[in-house]
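The next block holds one structure in the form of structure tokens; read it before the comments.
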Amino acid sequence: MLRQVERLPRRIAGYFRHVLRCLTGGSWLRGIALFGGLLTATVFAALLVAWTGLVSVSANTEHWAVTRWFLGFAMRNAVETQSMGIKPPPLDDRTLVLKGAGHYETGCAACHGAPGKPRSLIVQRMIPSPPYLPDHLEQWDPSELFWIVHNGLKYTAMPAWPAYERKDEVWAMVAFLQQLPTMTPAEYEALAFGPTPAPGDGGSSALLDRLSDPLGPVLADCARCHGAEGLGRGAGAFPKLAGQSETYLLESLRAYASGARKSGVMQPIAAGLDDEVLQRLARHYANLPADATVPATDEAVEADKAELAQALRLAEHGATERGVPSCTDCHGPKSGPINPAYPAIAGQYAEYLALQLELFKSGHRGGTDYANVMHSAAQRLTPEQIDQLARYYASQPWEAIERVTEPRD
């Protein structure tokens, strides 16, 4: 009996060879013709079924189990193969996690849920239904998550990243997603929303409470990343907006809205607002007081005197041997007015400043009339000079800067 079982695979293989010889007569040309005929018949049968309208395209019925298996199998292997060679940067930086949290609540939570927040009832009726991410992230490594967020997935409603060039934003999302499975609802709320202003507070908090004002809900969204007072929530994930010129803020918002300045985080928000709201937003943040006592970074940027002196020379005089112009001529601090289209960067976060210089250097930031000036200057800066300038300006107290007359729209 055992010998008969061992011979069974050979008998099956021999049977199939016998059938193949009978069908082809031992001719390889007839074999090719047979294969072509079977393929043509299969395609014709599929087209016939599609033409009759018998294929179910209703989202009210699930895929067959074999269909679900095949689609998942194909997607899993495609992501594994196409993410090979992607090397993650360090992802334990809280600044990255914070930046990713801000966008996740706006762009992802409705479909994928969050700690303490179920998925929208609408997306649960989609086929395929977007997964509840906190329960599914551990099966993907950082490179694979990057590929999915960056490229999206066809036929799943998962879009590619709106600003494909901004890999730094995608890595911020990956850093956040790595933390998501272990977050409590309270931790998620703190990351995604920040401190909630108490009702009746003065200043900008009062404006947030006046929901009858059309700008109120918009400012509530802005405050999740930039803080209710426009000071960036005390971390380099988001820039300080308070006290910047109205002209600079409005030109930046318009550039985001048009897509001329690339950002998968800011563009979807700005593009959904009309120009009147953009003007009111710019005016609101320009009129907020910039608090010079807020530290530029968590460590308040400490540097030795020799390094600060070197950075000061670079900021005031540039690097003539590399063709780098002075920073203070455009951005201050200096006596005399500056162009209102230029941002004041004293007291800004070092991490934010360094990232913007890197984006200018790579050509991935622009959209306003003077971006070409920064492209040229940043391309000539060394990584060490970028770090020096960022930390120098972050260490300087913010001060009100005299500007040339700002045109009103």
Side-chain angles (χ1 to χ4, degrees), residues 93-110 114-115 117 149 161-163 166 168-177 179-180 183 187-197 201 203-205 207-208 215-244 248-250 252-257 261-273 277-278 280-286 288 290-291 294-298 343 345 347-356 359 365 394:
D93 184 347
R94 182 172 171 79
T95 297
L96 286 178
V97 176
L98 186 60
K99 187 186 295 185
H103 179 71
Y104 185 89
E105 172 62 26
T106 302
C108 310
K117 292 187 176 184
V149 175
W161 193 252
R166 292 295 304 273
D168 60 293
E169 292 180 334
V170 180
W171 281 121
M173 291 301 303
V174 175
F176 168 76
L177 292 174
Q179 303 292 323
L180 188 60
M183 280 183 198
E187 289 170 338
Y188 176 79
E189 289 285 325
L191 278 172
F193 292 92
T196 303
D201 282 357
S204 63
S205 300
L207 183 57
L208 296 180
L215 196 62
V218 179
L219 279 172
D221 275 344
C222 297
R224 290 193 301 99
C225 292
H226 296 289
E229 306 302 330
L231 297 175
R233 292 181 59 182
F238 313 107
K240 298 178 183 179
L241 304 180
Q244 292 291 349
Y248 168 72
L249 292 172
L250 180 56
S252 296
L253 285 169
R254 285 172 172 168
Y256 280 130
R261 182 170 171 182
K262 306 296 184 182
S263 172
V265 175
M266 279 298 300
Q267 184 179 352
I269 296 172
L273 304 174
V277 174
L278 297 182
R280 292 185 65 189
L281 280 173
R283 190 168 301 126
H284 169 78
Y285 282 107
L288 290 179
D291 186 357
V294 174
T297 66
D298 291 340
I345 57 177
Q348 189 59 269
Y349 298 107
E351 299 92 338
Y352 175 78
L353 292 175
L355 174 61
Q356 303 317 300
L359 291 173
R365 175 172 165 169

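As the structure is a prediction and not an experimental result, all values here were calculated from the model.
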Exercise. May I have the step-by-step check of side chain to side chain contact (heavy atoms under 4.5 Å, CB included) for Cys108 and Met173, ending in yes or no?
Key: CA-CA 10 Å; Cys108 310; Met173 291 301 303; 4.0 Å; yes

Quiz item: How far apart are the closest heavy atoms of Leu288 and Ala228, and which atoms are they?
Solution: CD1-O, 4.3 Å

Quiz item: Is the NZ or CZ atom of Lys240 positioned over Tyr349's six-membered ring, under 6.0 angstrom from the centre and within 45° of the axis?
Solution: yes

Quiz item: Closest heavy-atom contact between Leu281 and Leu273?
Solution: CD1-CD1, 3.8 Å

Self-check item: From CD (Glu351) to CZ (Arg94), nearest 0.5 Å
Solution: 12.5 Å

Exercise. For the pair Arg233 (side chain) and Arg224 (backbone), establish whether a donor and an acceptor sit closer than 3.5 Å, ignoring hydrogens and angles.
Key: yes

Quiz prompt | Atom pair CZ (Arg280) and OH (Tyr285), whose distance is rounded to the nearest 0.5 Å | solution = 13.0 Å

Quiz item: Ala242 and Ala290: which non-hydrogen atoms are nearest, and at how many Å?
Solution: O-CB, 3.5 Å

Self-check item: Spacing of SG belonging to Cys225 relative to CZ belonging to Phe193, to within rounding of 0.5 Å
Solution: 10.5 Å

Practice problem: Could you tell me which non-hydrogen atom of Ala175 sits nearest to which non-hydrogen atom of Leu96, and how far apart they are? | Solution: CB-CB, 3.8 Å

Quiz prompt | side chain to side chain contact (heavy atoms under 4.5 Å, CB included) between Asp221 and Ile269, intermediate numbers included | solution = CA-CA 9 Å; Asp221 275 344; Ile269 296 172; 5.9 Å; no

Quiz item: With under 30° as parallel and over 60° as perpendicular, where do the rings of Tyr188 and Phe176 fit, or are they tilted in between?
Solution: tilted

Practice problem: Begin from the C-alpha positions of Leu249 and Arg283 and carry the test side chain to side chain contact (heavy atoms under 4.5 Å, CB included) through to its verdict. | Solution: CA-CA 8 Å; Leu249 292 172; Arg283 190 168 301 126; over 6 Å; no

Self-check item: Beyond-backbone contact of Lys99 with Leu355, side-chain heavy atoms, under 4.5 angstrom
Solution: yes

Practice problem: For the pair Leu177 and Leu180, evaluate side chain to side chain contact (heavy atoms under 4.5 Å, CB included) and give the outcome as yes or no after the intermediate values. | Solution: CA-CA 5 Å; Leu177 292 174; Leu180 188 60; 4.2 Å; yes

Quiz item: Measuring from Leu359:CG to Ser263:OG, what's the distance to the nearest 0.5 Å?
Solution: 9.5 Å

Exercise. Find out whether Phe238 and Leu231 are in side-chain contact, i.e. whether some heavy atom of one side chain is under 4.5 Å from a heavy atom of the other.
Key: no

Quiz item: Looking at Trp161 and Gly264, what are the two nearest heavy atoms and their distance?
Solution: NE1-CA, 3.5 Å

Self-check item: Non-hydrogen side-chain atoms of Leu191 and Met183 separated by less than 4.5 Å
Solution: yes

Quiz prompt | Donor-acceptor contact present, side-chain Arg166 to main-chain Lys262, <3.5 Å | solution = yes

Quiz item: With a 4.5 Å limit on heavy-atom distance, are the side chains of Glu105 and Glu189 in contact?
Solution: no

